[in-house]
Amino acid sequence: MIEFSLLAGLLAGLLGGVHCVGMCGGIVAAFSFRADGTHPPFRMHLAYNLGRVSSYVLFGALAGALGATFKLADFMPVQLLLYALAQVVMILLGLYLAGFNRWVLVFERAGGAVWRVVKPLFQKLLPVKSLPQAVLAGMAWGWLPCGLVYSVLVSALAAGSATSGAALMLAFGLGTLPNLLGMGLFARQIQPFMQRLWVRRAAGLMVAGFGVWGLLALAYSTFTHP
């Protein structure tokens with residue numbers, strides 16, 4: 001089911017832009033203006049996001065490798081449980097994006113301790129003056145405790161290998177690019193639209209729909225190929 005997971009990860013990143021506006025708006029704003037008040041060139045925004053997505057890929061590889069220990073031991077019930085858990089978390093994530101619950105914030109609180117260590121390093125990189133510095137700042141940005149990222153990481157854990165986990169988080173990271181690049185370049189135009197209730201509800205319910213679809217696919221596979 002890796003193809004389905006990759007598509008779900010890509011669309012979760014794309015549709016999760018309604019969350020990115022609130023979570024990353026301050027960081028994007030810090031990246032969007034130089035000390036003299038001018039905008040940095042587009043390549044700087046690409047470098048920030050290259051670093052951020054690179055961190056996601058690393059997370060995915062680590063999560064996939066951890067999940068692979070169950071696969072190597074042939075713990076089939078555990079593999080199925082991980083996949084089912086990933087779909088449930090996807091549903092909860094969609095409901096969170098739609099504004100119906102806040103359960104995925106548990107993941108953000110869990111990552112807060114790590115971010116407290118990374119944040120001082122991130123702040124030392126500001127203001128960014130070069131492309132390598134922008135990549136490093138982006139990599140630190142990737143450690144921001146985010147319920148959206150951590151929710152998709154559960155799917156990476158269920159991917160079954162480091163390669164599949166990394167591919168899933170790469171797909172997710174690519175899905176976030178249009179929103180976060182757009183925020184960096186057109187923040188004033190994009191933010192009001194992304195905060196509209198109907199936009200948030202539609203995006204969230206579509207993400208939740210992928211979780212439901214995944215559970216139905218798992219149930220069908222289990223009952224037809226016991």
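Leu157 contributes atom CG, which lies 12.5 Å from atom OG of Ser164 (distance to the nearest 0.5 angstrom). Taking CZ from Phe59 and OH from Tyr150, the interatomic distance works out to 6.5 Å, rounded to the nearest 0.5 Å. Atom-to-atom distance recorded for Leu121:CG and Leu125:CG is 7.5 Å, nearest 0.5 angstrom. For the atom pair CD1 (Ile91) and CG (Asn101), the distance works out to 11.0 Å, reported to the nearest 0.5 Å. Annotation: the span from Met90 atom CE to Leu215 atom CG amounts to 10.5 Å, rounded to 0.5 Å. Between Trp141 atom CH2 and Phe122 atom CZ the span is 8.0 Å, to the nearest 0.5 Å.
Taking all atoms of both residues into account, the shortest heavy-atom contact from Ser161 to Ala68 is CA-CB, 4.0 Å. Contact record, Gly165 with Ala159: N-CB, 3.7 Å, taken as the closest heavy-atom pair. Closest non-hydrogen pair, Leu218 versus Ala84, comes out as CD2-CB, 3.8 Å. Residue Arg52 comes nearest to Gly142 through the heavy atom pair CG-CA, 4.1 Å, listed as atom of the first residue, atom of the second, then distance. Between Tyr56 and Met169, the shortest heavy-atom contact is O-CB, 3.1 Å. Minimum heavy-atom separation, Ala12 to Val207: CA-CG2, 4.2 Å.
Note on Val212 and Leu93: same hydrophobic cluster, where clusters join Ile, Leu, Val, Met, Phe, Trp and Tyr whose side-chain heavy atoms are under 4.5 Å apart, directly or indirectly. Both Met206 and Leu216 belong to a single network of hydrophobic side chains, linked directly or stepwise wherever heavy atoms of I, L, V, M, F, W or Y lie under 4.5 Å apart. If you chain together hydrophobic residues whose side chains sit under 4.5 Å apart, Leu92 and Val154 fall into the same group. In this structure, Val88 is a member of the same hydrophobic cluster as Leu95, with clusters built from ILVMFWY side-chain heavy atoms closer than 4.5 Å.
In this structure, Leu97 and Leu15 have side chains that are not in contact, with every pair of non-hydrogen atoms separated by 4.5 Å or more. Residues Phe100 and Arg201 meet the side-chain proximity criterion, which asks for heavy atoms closer than 4.5 Å. Between Val53 and Leu170, the closest side-chain pair of non-hydrogen atoms falls below 4.5 Å. In this structure the side chain of Ser54 reaches within 4.5 angstrom of the side chain of Leu50, judged on heavy atoms. Two residues are said to be in side-chain contact when any heavy atoms from C-beta on lie closer than 4.5 Å; Trp115 and Leu144 meet this criterion. Residues Met44 and Val128 have side chains in contact (heavy-atom distance under 4.5 Å, counting atoms from C-beta outward). For the pair Phe172/Leu148, a side-chain contact is recorded, criterion being any heavy-atom separation below 4.5 Å from C-beta on. Within the 4.5 Å cutoff, side-chain heavy atoms of Leu7 are placed close to those of Phe210.
The hydrophobic cluster containing Leu58 also includes Leu62, under a criterion of side-chain heavy atoms closer than 4.5 Å among ILVMFWY residues, counted directly or through chains of members.
Under the 30°/60° scheme for interplanar angles, the aromatic rings of His45 and Tyr48 are found to stand perpendicular.
At least one donor-acceptor pair closer than 3.5 Å links the side chain of Asn179 to the backbone N or O of Leu14.
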